[in-house]
Enquirer: 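This is the structure, below, for whatever I ask next.
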Amino acid sequence: MSHVTRETLTSVLEEIALLLELKGENPFKIRAYRQGAEIVGSFDGDIVARARDNDLDGIKGIGAALQDKLHELASTGELEFHQKLRAEYPAGIFDLFDVEGLGPKKVAALYNKLGIDSLPALKQACEDGKVAELSGFGKKTEQKILEALARREKFADRFRLHTATHAAETILEALRDHPKVLRAQYAGSLRRSRETVGDLDFIVATDSPAELTEWFSRLDQANEVIARGDTKCSIRLDNGLQCDLRAVSNDQYPFALQYFTGSKEHNVALRSRALKQGLSLNEYGFSAAGKATQHEPIPAVHDERDIYRTLGLDLIPPELRENRGEIEAADEGVLPRLVELENLRGTFHNHTTASDGHATLEEMGGAAIELGLRYLGIADHSKASFQANGLDEERLLKQVEEIGTWNDNHGEELWIFSGSEVDILKDGSLDFADDILARLDYTVASVHGSFTLDEKTMTRRLIRAMENEHVTMLGHLTGRLLLRRDGYAVNHEKIIDCAAETGTIIEINCNPHRLDMDWRWWRKARDRGVLTSLNPDAHRPEQFQFLKFGIGVARKGWLRKEDVLNTFPLEEVKEFLGKPKKQR
DNA sequence: GCCGTTTTCGGCCCGACTGTTTTCAGTCG
C-alpha cells in the first residue's frame, strides 16, 4: 500500500472533479468534490488518520459519499471510483486544462472529436488547421491556443514576490498619478501576501472607467493586450506576468477591492454570512437578498472596514483572508493585532564576505544603521558548507573578535550579535563542537546537504539539532526554493512540538525564494508558544528589504509583535539570549 | 454531492469579456 498523505486525498478529489467536468456531469456535484479537496487541504488536524479511521462525521462539506470515498482511499491507498473514471481518459489530457482559454468543454470537444490527448497532439492539430474547423472553435481560437502553448514554453506561470511586488508598485504609482484616478490599490494574492502570485489585480476608483482601461492598455510595460473593455483591461508584461485592471466608481471601490482581494474561499464564506442577514454581496455593493419583505436600510460604505462592520465583523487584514478561522475570530472580536514592519528593531541571520556574502561586516553594519535598526545578527556559514566558503573554528573566532571591536566602537548605535549559520550534519550533530558554539551569542542551525532522507530520518535529524542547548533557532526549515525545488520531507507537527519543548526558535526566512517555514503552520506553532525570528538571510545590504516579505508570512500566520524575537528591544534580546534555553 | 431558524427536495454566485454566433456558450476570476 502506498503511503497516503493529505496531498493524496486532495489531489484525488481534484482529479475526480476534473474528470467529472470532462464527462459533463452536474456542475454542483463537481463543486462538491472541489470543495471537498479544499476542506481536506486546510483541515486543522490529522485528516488522513480521521479518514483512515472512518471518523469524518460532522465536517461541513464532507457528506456521506465523500466520507466513504476518503475512507476507502486512506485505508487502502486507492479509490475504485477514481480508478474507473481515470481509465476513461488518457493521462496526457490533464495537461490540456493548463492551456489558457481551454476549459472542460473545449478539452472534451478536442478529445472527443479529434482524439487530442496531449500538448504535442494539440499543437499539431492547430498547425494543421483542424481545430478551427470544430464547431465552437474558429481561426482566432486556434491561433490563441498556439500562442498559449508558445508562452508556456517561454514563461513561468507563477512569480515570486520580489518580481511581482516590483511590477505592482511601479504600476500602482503610475495609476495613482493619473488625474482621473480617485483611489487605487492592488488586490489579489499579492495583497494577501501569498508566497507566489499568478497575476496582478489593480482596482481604481474613477468617473472615467473607459478612459482608464484605454490608458492601461497603452502602458509602457504592456507587452501585449489580452482583453480590453469599458471597465476591465488585461495586459501582459515582458516577463509574462498578467495584470488586470478594474475601473469602478468611487462608491463601488471598497466592494471591488474587497472582492478582488479574495481569497475566493473567504469571499464565499462572507457572502453566505451576508445572505443570513438578508444581504446580497458582490463586487459592486450590498443589495437586499431574497424576497424583499421589509428591507432595512443598507448602511453607507466608504471603505473595506464598513463592509466588514455591516456584517458584524471587525476589519479582517488582507493577509488573513483565507477562510481559516478569521471570520469566526472577527465575529468574536478576537482577531490578533498583527506584527508590522515598523515593529522590527533588529534582524538575525545575515552573511558577510567572510563566507558567501557580498558585503563586509562594516558595510552590513552601516546599512543596518541606515535602516534604523538597533541590532544586527551575523551568521556566516560553517565549514561543512565549503561551497559557500564556510568558516572554520579559527576564522569564526576571529570574526567574534572583530564583532567585539565593532561593539566597542559602535555598540551604542548598532549592537552586533555574533553567530553562525551552523550546518546540521547528516546525523543531526552540528558542524561545530559545543565549546565553540558556547562562545557565540546565538546560532542558526540549518540543513545544507543530504536533502533526500526520508521524513522520519530527516525529522529525527532536526530534532537532535534542536535538543542542543546552543541552537538558538532553526534556519529555513524545509530548504524549499519556491517554484524550483520542493522542500525536503519533514514532519512539521513534531518539529513544532519539539521547538516548543526545547525553547528553540523557528525562523521565518524572508528570502522570497524561501519564505520558510510556510505561513500555514505558524498559527499552530504560535499557539504552542513557539517564537519566531524574521531573518532576511541577507547576502548584501539591499537584501535587508526581504524583511517586508517575511512580515507578510508572519501576518499570514496570525503572528503578533510578541511572537517575533526581533521586535524586542536590545536589552530584552540580550537578556533572552543570556538565559538557558529552557527558561526562555 | 451537500445542505437546511424558510426547505429532507430544490436549490447551489455571477459579471465581464471574447469569439463564434445570429442570440449565446465558454472561460476566467
Side-chain angles (χ1 to χ4, degrees), chain A residues 13 16-17 20-22 24-39 56-70 81 96-110 131-145 147-148 157 187-189 192 197-203 209-210 213 217 225-235 242-248 252 255-256 258-285 287 289-291 293:
Chain A
L13 292 183
I16 289 174
L20 292 177
E21 269 186 322
L22 272 180
E25 263 279 5
N26 175 359
F28 299 107
K29 184 195 274 198
I30 292 160
R31 203 169 70 185
Y33 278 98
R34 279 237 157 83
Q35 274 173 346
E38 191 60 43
I39 290 160
L56 294 167
D57 266 342
I59 302 174
K60 197 162 175 284
I62 309 284
L66 261 71
Q67 287 187 26
D68 285 348
K69 292 193 170 73
L70 287 169
F81 178 69
L96 302 186
F97 284 93
D98 292 337
V99 178
E100 247 180 294
L102 293 189
K105 294 280 160 51
K106 287 212 156 79
V107 170
L110 289 167
V131 170
E133 292 166 11
L134 288 178
S135 84
F137 292 72
K139 262 281 156 265
K140 277 203 162 165
T141 306
E142 188 174 80
Q143 193 54 36
K144 288 213 154 181
I145 292 174
E147 284 166 14
D157 59 345
S189 49
R192 300 202 314 280
V197 304
D199 57 20
L200 300 181
D201 298 287
F202 298 90
I203 316 293
T213 57
S217 73
V225 178
I226 301 165
R228 197 186 89 212
D230 287 345
T231 65
K232 196 179 141 172
C233 178
S234 294
I235 59 172
Q242 181 176 329
C243 301
D244 297 342
L245 176 78
R246 321 233 168 205
V248 296
Q252 294 168 336
F255 293 98
Q258 195 287 322
Y259 183 89
F260 288 107
T261 295
S263 63
K264 200 173 69 205
E265 294 75 21
H266 174 87
N267 286 351
V268 167
L270 218 56
R271 281 198 296 274
S272 92
R273 184 182 173 96
L275 280 175
K276 285 184 190 137
Q277 292 179 215
L279 286 173
S280 164
L281 171 65
N282 64 21
E283 62 261 56
Y284 301 115
S287 54
K291 300 160 225 155
T293 43

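Order of the sequence lines fixes the chain letters, A, B, ..., with proteins taken first and strands second; residue numbering starts at 1 for each chain.
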Enquirer: Quickly work out the A:E21 CD to B:dG26 P distance and round it to whole Å.
Expert: 12 Å

Enquirer: Take atom P in B:dT21 and the same atom in B:dT27, then report the distance between them in whole Å.
Expert: 14 Å

Enquirer: Please determine whether a side-chain nitrogen of the Lys or Arg among A:E147 and A:K144 lies less than 4.0 Å from a carboxylate oxygen of the Asp or Glu.
Expert: no

Enquirer: What nucleotide among B:dG29, B:dC2, B:dA16 has an atom nearest to a side-chain atom of A:Y284?
Expert: B:dA16

Enquirer: Below 4.0 angstrom from OP1 or OP2 of B:dC13, is there any side-chain N or O of A:R31?
Expert: yes

Enquirer: Between B:dG15, B:dC12, B:dG29, spot the one nearest the side chain of A:F28, thanks.
Expert: B:dC12

Enquirer: Given B:dA16, is OP1 or OP2 found less than 4.0 Å from the side-chain N or O atoms of A:Y259?
Expert: no

Enquirer: Given B:dT18, B:dG1, B:dT27, identify the nucleotide with an atom nearest to the side chain of A:Y33.
Expert: B:dG1

Enquirer: Using side-chain heavy atoms (C-beta onward) and a distance below 4.5 Å, is A:Q242 in contact with A:I226?
Expert: yes

Enquirer: From the list B:dC17, B:dG1, B:dG4, which nucleotide is the closest neighbour of the side chain of A:K232?
Expert: B:dC17

Enquirer: Please give the distance between the C1' atoms of B:dG29 and B:dC13 as a whole number of Å.
Expert: 12 Å

Enquirer: In whole Å, what is the span from the CZ atom of A:F97 to the C1' atom of B:dT27?
Expert: 12 Å

Enquirer: Roughly, in whole Å, what's the span from CG in A:N267 to C1' in B:dG15?
Expert: 14 Å

Enquirer: When the distance from CG of A:L110 to P of B:dG26 is rounded to whole Å, what number comes out?
Expert: 13 Å

Enquirer: First locate atom CG of A:L245, then atom OG of A:S217, and finally report the distance between them rounded to the nearest 0.5 Å.
Expert: 10.0 Å

Enquirer: For atom C1', what is the distance between B:dT8 and B:dC3, given to the nearest Å?
Expert: 9 Å

Enquirer: Using atom C1' in both nucleotides, what's the gap between B:dT23 and B:dT18 to the nearest angstrom?
Expert: 15 Å

Enquirer: Reading DNA chain B from 5' onward, which residue's closest nucleotide shows up sooner: A:R271 or A:A65?
Expert: A:A65

Enquirer: Identify, between A:D230 and A:G103, the residue whose nearest nucleotide on DNA chain B lies closer to the 5' end.
Expert: A:D230

Enquirer: May I have the step-by-step check of side-chain contact (heavy atoms from CB on, under 4.5 Å) for A:T231 and A:T213, ending in yes or no?
Expert: CA-CA 6 Å; A:T231 65; A:T213 57; 5.5 Å; no

Enquirer: Just one of A:K106, A:K105, A:R34 clears the salt bridge (Lys or Arg N to Asp or Glu O under 4.0 Å) bar with A:E21, so which one?
Expert: A:R34

Enquirer: Whole-Å distance between B:dG29 P and A:L200 CG?
Expert: 13 Å

Enquirer: How would you label the contact of A:E100 with the nucleic acid (heavy atoms, under 4.0 Å): base, sugar-phosphate, or nothing?
Expert: sugar-phosphate

Enquirer: Give me the distance, rounded to whole Å, that separates B:dC12 from B:dT7 when you measure between the C1' atoms they each carry.
Expert: 13 Å

Enquirer: Hey, is the side chain of A:K69 poking within less than 4.0 Å of OP1 or OP2 on B:dG1, counting only N and O atoms?
Expert: yes

Enquirer: Applying the Watson-Crick and G-U wobble criteria at under 3.5 Å, what pairs with B:dG11? Answer none if nothing qualifies.
Expert: B:dC2

Enquirer: May I ask you to evaluate whether A:K60 reaches the phosphate of B:dC2, defined as a side-chain N or O under 4.0 Å from OP1 or OP2?
Expert: no

Enquirer: Checking contacts here: which listed nucleotide (B:dG26, B:dT18, B:dG15) is nearest the side-chain heavy atoms of A:A227?
Expert: B:dT18

Enquirer: Indicate, yes or no, whether a donor-acceptor pair under 3.5 Å links the base of B:dG1 to the side chain of A:N26.
Expert: yes

Enquirer: Take atom CG of A:D244 and atom C1' of B:dA16, then tell me their distance rounded to the nearest Å.
Expert: 11 Å

Enquirer: Distance check, C1' atoms only: B:dT20 and B:dG26, in whole angstrom units.
Expert: 10 Å

Enquirer: Figure out the CG/C1' separation between A:D98 and B:dC28, and round it to whole Å.
Expert: 15 Å

Enquirer: So, does A:E142 use its side chain to make a donor-acceptor pair with the main chain of A:A132 at under 3.5 Å?
Expert: yes

Enquirer: Using the P atoms only, state how far B:dT6 lies from B:dC2, rounded to an integer number of Å.
Expert: 23 Å

Enquirer: Check whether any side-chain N or O of A:N267 sits under 3.5 Å from a backbone N or O of A:L270 as a donor-acceptor pair, and report yes or no.
Expert: no

Enquirer: Give A:K264 one of three labels, base, sugar-phosphate or nothing, depending on what nucleic acid heavy atoms sit under 4.0 Å from its own.
Expert: nothing

Enquirer: At under 4.0 Å between heavy atoms, what does A:S234 touch on the DNA or RNA strands: base, sugar-phosphate, or nothing?
Expert: nothing

Enquirer: Please determine if a side-chain N or O atom of A:S135 lies less than 4.0 Å away from the OP1 or OP2 oxygen of B:dA25.
Expert: no

Enquirer: Between B:dG4, B:dG1, B:dG26, which nucleotide has the shortest distance from any of its atoms to the side chain of A:K106?
Expert: B:dG26

Enquirer: Nearest to the side chain of A:E283, heavy atoms from C-beta on, is which of B:dG15, B:dT18, B:dT27?
Expert: B:dG15

Enquirer: Measure the spacing between CD of A:Q35 and NZ of A:K60 and express it to the nearest 0.5 Å.
Expert: 8.5 Å

Enquirer: The side chain of A:L66 is closest to which nucleotide in this list: B:dC2, B:dT18, B:dA16?
Expert: B:dC2

Enquirer: Does A:P104 reach a base, just sugar-phosphate, or nothing at all? Heavy atoms under 4.0 Å.
Expert: sugar-phosphate

